[in-house]
Amino acid sequence: EDVVRVVWMGGARRARIATVVLAPRSAGRSAGTPLATSAPYRAAGLTAQQIEEMAGALSHVTKFDDDAVQSGENLLLTFTNIGQDVFPDATKAMLDMSEALGQDVKTSAIQLGKALNDPITGATALRKVGVSLTEQQMTQIRAFQDSGDVMSAQKVILQELQREFGGTAEMVGKTVP
C-alpha cells in the first residue's frame with residue numbers, strides 16, 4: 001500500500017497532517033482511492049464506496065473516465081471544509097469547470113477545493129480565473145463565512161458555477177462516442 005501525507009490548514013491556522021492510505025488496485029479499488037478510514041473521508045462524511053459510485057456514474061455521462069473523476073474527488077477530499085452535503089455538487093462543478101475552462105481535472109479540483117475550503121479567499125481566486133461572482137455574491141459569502149455558516153457560503157459559489165458552467169461536462173459527454 002502507498003502512503004501519502006496531506007497537509008491542510010486547520011481552523012486556527014495550524015498545519016495539520018493526515019495520513020491517507022492508498023489501496024492497491026488488487027484490493028478492488030481504482031488506484032489512488034483512499035481507504036474509508038482516512039481523515040479526508042471522515043471529514044466529508046462519505047465512504048469509499050460512495051465516492052467510487054459517484055465517479056462511476058459521472059464517468060458514464062461525461063468524457064472523463066472513472067479514474068480521472070476519482071482522482072479529482074480525492075483531491076477535493078483533502079479540503080476538509082467540504083462536507084457530504086456539498087461534495088456531490090462540488091464534484092460535478094469540478095468536471096464542468098474542467099470542460100468549460102479547458103483545463104485538467106486536477107487543476108479544477110484544486111481551484112474549487114480552495115474556494116470551498118475558504119470561501120472568502122477562494123471566491124476572489126475564482127474571479128481571477130474568470131468566474132463572474134458579483135459584489136452582492138461576495139458580500140453574501142463574507143457574511144455567511146463570518147457567521148460560521150461555511151456551507152451557505154459554499155452554496156453561493158456552487159450556484160454561480162452552476163449558472164456559468166452547469167451541465168457542460170454532461171453535454172460534451174453526449175457528443176463523445
Side-chain angles (χ1 to χ4, degrees), residues 4-20 34-48 50-51 54-55 58 64 69-170:
V4 176
R5 296 221 184 265
V6 179
V7 179
W8 71 91
M9 297 306 291
R13 295 262 181 218
R14 287 176 283 191
R16 296 183 184 178
I17 300 175
T19 300
V20 179
L35 297 174
T37 58
S38 68
Y41 274 86
R42 286 194 311 272
L46 298 163
T47 66
Q50 289 171 310
I51 299 299
M54 194 180 316
L58 289 169
F64 301 101
V69 177
Q70 217 163 336
S71 176
E73 287 175 327
N74 289 340
L75 284 170
L76 286 176
L77 286 168
T78 65
F79 297 95
T80 57
N81 280 338
I82 301 174
Q84 67 185 26
D85 294 332
V86 172
F87 191 82
D89 290 335
T91 301
K92 290 178 185 174
M94 169 190 72
L95 299 177
D96 289 337
M97 284 177 65
S98 294
E99 275 303 335
L101 299 174
Q103 59 192 25
D104 62 27
V105 173
K106 177 182 178 181
T107 300
S108 295
I110 292 169
Q111 288 172 337
L112 183 57
K114 286 180 179 180
L116 296 178
N117 207 52
D118 181 356
I120 294 171
T121 304
T124 302
L126 285 177
R127 288 174 92 178
K128 291 179 182 176
V129 297
V131 176
S132 302
L133 289 157
T134 66
E135 283 306 316
Q136 180 182 3
Q137 288 169 315
M138 293 298 290
T139 300
Q140 288 177 321
I141 291 166
R142 275 187 216 92
F144 283 132
Q145 189 167 346
D146 289 346
S147 70
D149 188 359
V150 175
M151 186 188 323
S152 291
Q154 292 169 334
K155 288 184 177 182
V156 172
I157 292 170
L158 289 169
Q159 287 168 354
E160 183 57 31
L161 293 173
Q162 172 65 28
R163 189 186 72 72
E164 290 187 34
F165 310 130
T168 304
E170 287 187 32

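Quick caveat, the model's predicted, so the values are computed rather than measured.
- Taking CE of M151 as the reference point, atom CG of D85 lies at 4.5 Å (rounded to 0.5 Å).
- Every residue two or more places apart in sequence or in another chain that forms a side chain to side chain contact (heavy atoms under 4.5 Å, CB included) with Q103 is listed here: M97, L101, T107, S108, Q111.
- Each salt bridge (Lys or Arg N to Asp or Glu O under 4.0 Å) pair with one or both residues in residues 131-148, not counting sequence neighbours, appears once here: R127-E135.
- Residue A115 comes nearest to L126 through the heavy atom pair CB-CD1, 3.5 Å, listed as atom of the first residue, atom of the second, then distance.
- Residues passing the side chain to side chain contact (heavy atoms under 4.5 Å, CB included) test with S147 are D149, sequence neighbours excluded.
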Does the pair K114 and T121 meet the rule for a side-chain contact (heavy atoms from CB on, under 4.5 Å), with working shown?
CA-CA 8 Å; K114 286 180 179 180; T121 304; over 6 Å; no
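- For residues 152-167, every residue pair satisfying the salt bridge (Lys or Arg N to Asp or Glu O under 4.0 Å) rule, not counting sequence neighbours, is listed here: E160-R163.
- D118 contributes atom CG, which lies 11.0 Å from atom CD1 of I141 (distance to the nearest 0.5 angstrom).
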Hey, mind stepping through F79 and L112 against side-chain contact (heavy atoms from CB on, under 4.5 Å) and telling me if it holds?
CA-CA 10 Å; F79 297 95; L112 183 57; over 6 Å; no
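- For E99, the side chain to side chain contact (heavy atoms under 4.5 Å, CB included) partners at least two apart in sequence or on another chain are K63, F64, T168, A169, V172.
- Here CG of L116 is found 5.0 Å from CG of L158. Values are rounded to the nearest 0.5 Å.
- In this structure, CD1 in I110 is found 8.0 Å from CG in D104, a value given to the nearest 0.5 Å.
- Considering all non-hydrogen atoms of both residues, M54 and P88 come closest at SD-CA, 3.8 Å.
- Using modelled atom types, one finds no donor on one side chain facing an acceptor on the other under 3.5 Å when comparing Q162 with D96.
- Once rounded to the nearest 0.5 Å, the distance linking CG of N117 with OG1 of T78 reads 8.0 Å.
- For Q154 (side chain) and N81 (main-chain N/O), a donor-acceptor pair under 3.5 Å exists by modelled atom type.
- Partner of T91 under the side chain to side chain contact (heavy atoms under 4.5 Å, CB included) criterion, out of L58, V86, V105, I82: L58 alone.
- By the side chain to side chain contact (heavy atoms under 4.5 Å, CB included) test, T124 pairs with K128, M138, sequence neighbours left out.
- Judged as a salt bridge (charged side-chain N to carboxylate O under 4.0 Å, His left out), and not counting sequence neighbours, E170 has no contacts.
- With sequence neighbours excluded, no residue forms a side chain to side chain donor-acceptor pair (under 3.5 Å) with S132.
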